[in-house]
Amino acid sequence: MENLTNQWLELKSLEKMLQQEMQVALTNGTHALTLNEFYVLHCLKETQGHKLQISALSEKIGLSISATSRMLTRFEESCGVITRCVCKGDRRGVQISLTPLGKEELAEAYRLVEPVLAKYQAQLSNFSNRNEAK
């Protein structure tokens with residue numbers, strides 16, 4: 001149990017360093033993105049049709065629905081990389097979709113964070129390998 005606790009603490013430390021360095025890198029883009037905004041763009045890109053309901057998106061990025069909605073409102077107004085539309089199956093639901101500009105911004109963001117992730121690639125692989133060995 002002690003070994004697992006140490007691995008967990010090591011992972012938390014690595015995550016904190018990565019988040020800090022990725023946030024700094026993302027401020028150097030055309031539109032300075034927050035880490036959560038980057039997560040939003042990435043999640044939308046990874047979803048079929050590049051659309052998600054706010055509730056599903058909030059779960060993926062780890063924020064409450066209200067915090068996600070507030071962030072999306074600011075994000076939508078500031079740089080036009082996402083848009084909202086009413087769900088076809090549920091008129092009460094709102095979907096967020098990635099705009100063509102959003103795809104461009106995400107490509108730039110990937111270029112900005114790639115050196116940070118590459119810097120920690122060996123450590124990330126170690127955690128991945130530990131998980132696969134179980």
Side-chain angles (χ1 to χ4, degrees):
M1 185 65 174
E2 187 176 319
N3 188 36
L4 287 174
T5 302
N6 288 335
Q7 287 178 8
W8 171 68
L9 292 171
E10 185 181 341
L11 179 60
K12 284 186 60 64
S13 176
L14 177 62
E15 179 187 27
K16 184 177 180 178
M17 287 186 298
L18 272 165
Q19 287 178 339
Q20 289 171 343
E21 290 186 36
M22 287 176 66
Q23 183 58 69
V24 169
L26 289 169
T27 61
N28 294 320
T30 305
H31 293 100
L33 296 176
T34 67
L35 202 50
N36 282 333
E37 290 168 342
F38 171 72
Y39 295 157
V40 165
L41 296 178
H42 174 74
C43 288
L44 289 172
K45 180 190 173 287
E46 294 296 308
T47 304
Q48 185 176 4
H50 307 299
K51 294 180 182 181
L52 278 173
Q53 286 191 328
I54 292 177
S55 58
L57 185 58
S58 71
E59 188 174 309
K60 285 183 177 281
I61 63 174
L63 294 176
S64 69
I65 292 174
S66 61
T68 301
S69 186
R70 284 190 304 273
M71 179 190 63
L72 292 172
T73 298
R74 288 189 307 270
F75 197 30
E76 182 178 28
E77 293 170 356
S78 68
C79 52
V81 296
I82 58 169
T83 189
R84 294 174 191 249
C85 60
V86 175
C87 296
K88 291 179 183 174
D90 180 3
R91 309 270 311 145
R92 296 170 296 160
V94 175
Q95 282 187 322
I96 303 301
S97 60
L98 192 59
T99 66
L101 179 59
K103 292 175 187 175
E104 291 174 23
E105 289 293 325
L106 181 58
E108 180 183 22
Y110 282 147
R111 285 190 299 276
L112 294 169
V113 300
E114 183 179 16
V116 175
L117 294 172
K119 177 179 171 181
Y120 293 99
Q121 183 173 3
Q123 289 169 282
L124 291 169
S125 294
N126 284 340
F127 282 104
S128 178
N129 292 338
R130 287 179 195 168
N131 196 31
E132 290 173 3
K134 293 180 181 178

Problem set entry | Full working for salt bridge (charged side-chain N to carboxylate O under 4.0 Å, His left out) between R74 and E37 | CA-CA 10 Å; R74 288 189 307 270; E37 290 168 342; over 6 Å; no

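- Expressed to the nearest 0.5 Å, how far CE of M71 lies from CD of E76 amounts to 12.0 Å.
- Looking at L106 and L44, their side chains never come closer than 4.5 Å, going by heavy atoms from C-beta outward.
- At most 12 non-hydrogen atoms from other residues, nucleotides or ligands lie less than 6.0 angstrom from CD of Q121.
- For the pair I82/I96, a side-chain contact is recorded, criterion being any heavy-atom separation below 4.5 Å from C-beta on.
- Atom NE2 in H31 sits 10.5 Å away from atom CD in E104 (nearest 0.5 Å).
- Between V40 and V81, the closest side-chain pair of non-hydrogen atoms is not below 4.5 Å.
- Residues K103 and L41 have side chains not in contact (no heavy-atom distance under 4.5 Å, counting atoms from C-beta outward).
- The shortest side-chain heavy-atom distance between L57 and Y39 does not fall under the 4.5 Å cut-off.
- L72 and L101 fall within a single hydrophobic cluster, where Ile, Leu, Val, Met, Phe, Trp and Tyr side chains are chained together by heavy-atom contacts under 4.5 Å.
- Of all the heavy atoms in A109 and L33, the pair that sits closest is CB-CD1, 3.9 Å.
- Cluster membership check: L14 shares its hydrophobic cluster with L117, using side-chain heavy-atom separations under 4.5 Å among Ile, Leu, Val, Met, Phe, Trp and Tyr.
- Atom CG in L52 sits 11.0 Å away from atom CD in E46 (nearest 0.5 Å).
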For this session: Verify side-chain contact (heavy atoms from CB on, under 4.5 Å) between T73 and E77, making sure each step is shown before the conclusion.
Result: CA-CA 6 Å; T73 298; E77 293 170 356; 3.6 Å; yes

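- Of all heavy-atom pairs spanning S97 and K51, the tightest one is CB-CG, 3.5 Å.
- Scanning all heavy atoms of the two residues, the minimum distance from R84 to S69 falls at NH2-O, 3.2 Å.
- Rounded to the nearest 0.5 angstrom, N36 CG and T68 OG1 are separated by 8.0 Å.
- A distance-only check finds a donor-acceptor pair linking the side chain of Q23 to the backbone of L35 [under 3.5 Å].
- Exactly one of M17, E114, E21 qualifies for a side chain to side chain contact (heavy atoms under 4.5 Å, CB included) with K119. That residue is E21.
- Of the possible donor and acceptor atoms, none in the side chain of T47 sits under 3.5 Å from a partner among the backbone N and O of H50.
- Qualifying side chain to side chain contact (heavy atoms under 4.5 Å, CB included) partners for I65, counting only residues two or more places apart in sequence or in other chains: I54, S55, S58.
- Residues T34 and L26 fail the side-chain proximity criterion, which asks for heavy atoms closer than 4.5 Å.
- The closest donor-acceptor contact from the side chain of S13 to the backbone of L9 lies at 3.5 Å or more, if one exists at all.
- For the pair E105/Y110, no side-chain contact is recorded, criterion being any heavy-atom separation below 4.5 Å from C-beta on.
- Note that CH2 of W8 is 10.0 Å distant from CE of M1, once rounded to the nearest 0.5 Å.
- Contact record, A25 with V116: CB-CG2, 4.1 Å, taken as the closest heavy-atom pair.
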Problem set entry | Step-by-step side-chain contact (heavy atoms from CB on, under 4.5 Å) determination, L18 to L124 | CA-CA 10 Å; L18 272 165; L124 291 169; 3.8 Å; yes

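- I61 and C43 make their closest contact through CG2-SG, 4.1 Å (heavy atoms, listed as atom of the first residue, atom of the second, distance).
- The shortest side-chain heavy-atom distance between T30 and E108 falls under the 4.5 Å cut-off.
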